[in-house]
Amino acid sequence: MVDMSINLAAADMMMASLAQGPVKLGVTDLNISYGGIPALRDVNLTVKEHEIFSIIGPANAGKTSFLKALNRMDTFNTNMKVAGEILFNGLNVRNLKNIYALRSRIGVVFPLPVGLPLTIYENVALSPRLRGINKTSDLDVIVERCLTRAALWDEVKDRLDSLGSLLSGGQQQRLTIARALSQEPDLLMLDEFSIAVDPVTTMRIENVLKELKQDMTIILVTNLVQQARRLADRTAFFLEGECVEVGKTEDLFTGAVKDQRTRDYVEGKFG
Amino acid sequence: MSEIDSLRASMTTDFDSRNMDWYIDKIVQFLVFIAGISAIVFIIGIFAFITLEGFGFLLEDFSFREFFLSPFWEPSDEDAPEYGILALVAGTASVTGLAMIVAIPFSLGAAIFIGEFATGKLRESLKVLVELLAAIPSVVWGFIGLSIMNPLIIDLFDVPVGLNVLNAGIILGLMAAPIMTSIAEDALKAVPDRYREAAEALGATRWQVIYKTVLPAAKNGLLGAVLLGMGRGFGETMAVLMATGHAVNIPDSLFDPVRALTATIAAELGETAVGAPHYQALFTIGIFLFIITFLINLTADLIVRGIRKG
């Protein structure tokens, strides 16, 4: 009994040091605008390694724009202007020579599942193939591992050759998570992943995320306040293009807030 | 009279009389119906006319073996006229085949550039330009084949005549490319942007996105574009008449002159007596062309529809 409690204490300490681990992502004075209209103003925050960092806030808060700036998806939209510094593993993503290499290290899960027009197998094998892994035996291992981790393997193992788009919404979302995992990312970003997913599947995915935390850093954008509470180590509250507050999730939900608006949102008074 | 009685009286008048709006509605319905049905009526009428004109030949002088397997098209031979379209089919097929080899890379490349890489004004002006190219009359293309390609081929390849498979194939390819580009670009545009974003988020480069995601997703539409281009090449008359050399011949090389099915009809129909076997044989070629183009277009249409559903 004594030994065990000591071990538990040690584990607690380890977890604590992990939570305050090295900085994975440092954002300084981030400003994003679309055609001159600001979407996000003067955001300063850090995300630490191996934490689940959630961003909550109502629509038009700038949450998705924030994610797009992180993996340079701004190149899709010539209207989108990004200013400020984003350090990913200490390197500024604003002036990289090869943004494809950056994107390949950041997994993204979109609000609505995007099953690429490929088979289930090829959806997951695409990213490894892009990295140059072409041996069938290697790909088989990766595909099984990623689908298993995304809690989808048992449901699809007998029909890997059917189209990914034929799966149900919840299955497709787990397929996109498996696809993101096949990138072996150090950062996984999920943008309101549960919007088209039933509650049971949502809980399964949430459990998956808790496990994944040991291997990667997770940024979770959600408009479900309780989801942030269940999962996140720290939470940022975005409102109308402003980062109102960043803090330990537990503090935010127990009333230890610096800003009244955060309290109102968390308590469901608006949003 | 109570209020409800007077109301009923006025409604009865309204319900029993037909006013101007009612008649205009009926007339417009009728006109739209006529316009809609006329396209179908015309097509059936044309097919019936061609079949009727060629019918006598089909019944009397037609021999399946001779028509499809004989390389001799000698309808004006007084003693023993021969009606074999094998050489003409070979001519049309060789020219159309070469045209596709020319047109597919050009049109797919152009469609990928316009649809995936070009943005803003460049994209819009390129699209307008492609539409303009598609509107060039075929006789102008034939003229280019005759007056520009002909001496060019003679100079470049040191051959006596420049009117041949190569000339007509290139001309036809350039003719078919704009329409194929236009349809192929539509097919690429039908691929949702979220596929591109999802693939790019995986770290795929622009080309990898196109090659691994966009092209597979658009493959039915692209195939439809190629088939419609083929239909265009198959049915084209004036340009091939002018650029092929118009000699009945199964070609051995790119530099052999050939004759196309369509060009044969165009060149000979005016010189035949209405109702004569030669006249009817030309109409039988028409039936054959009609069926082939119909099949090609139908296949293309079914394939293109396939993607819209799936």
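Hydrogens, waters and symmetry mates play no part in the numbers below; they use all other heavy atoms, side chains included. Convention: sequence-line order gives letters A, B, ...; per-chain numbering from 1.
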Select one option (side chain, backbone, both, neither) describing which atoms of A:R105 are under 4.5 Å from chain B's heavy atoms. neither
Does OH in A:Y100 sit with more than 12 non-hydrogen atoms of other residues, nucleotides or ligands closer than 6.0 Å? yes
Given a strict heavy-atom distance threshold of 4.5 Å, which part of A:P128 is in contact with chain B: side chain, backbone, both, or neither? neither
So do A:L130 and B:K212 actually touch side chain to side chain, heavy atoms under 4.5 Å? yes
Should the heavy atoms of other residues, nucleotides or ligands under 6.0 Å from OH of B:Y211 be counted, would the total exceed 12? no
A quick test of your reading: do over 12 heavy atoms of other residues, nucleotides or ligands sit less than 6.0 Å from CD of A:Q214? no
Where on A:L112 is there a heavy atom nearer than 4.5 Å to chain B: the side chain, the backbone, both, or neither? neither
Should we say atom CZ of B:F294 is surrounded by more than 12 heavy atoms from elsewhere, each under 6.0 Å from it? no
pair A:L126-B:L202: side-chain heavy atoms closer than 4.5 Å: yes
Between A:F110 and B:A201, which heavy-atom pair has the shortest distance, and what is it? CZ-CB, 4.1 Å
In this structure, which one of A:R103, A:K68, A:R72 forms a salt bridge (Lys or Arg N to Asp or Glu O under 4.0 Å) with B:E200? A:R103
Compare every heavy atom of B:R194 with every heavy atom of A:P113, then report the nearest pair and how far apart it is. O-NH1, 4.3 Å
Take a 6.0 Å sphere around CG of A:N60 and say whether it holds more than 12 heavy atoms from other residues, nucleotides or ligands. no
Going by heavy atoms in the side chains, are A:V114 and B:E197 under 4.5 Å from each other? no
Using a cut-off of 6.0 Å, state whether more than 12 heavy atoms not belonging to B:I43 lie near its atom CD1. no
Counting heavy atoms not belonging to B:F290, are there more than 12 under 6.0 Å from its CZ? yes
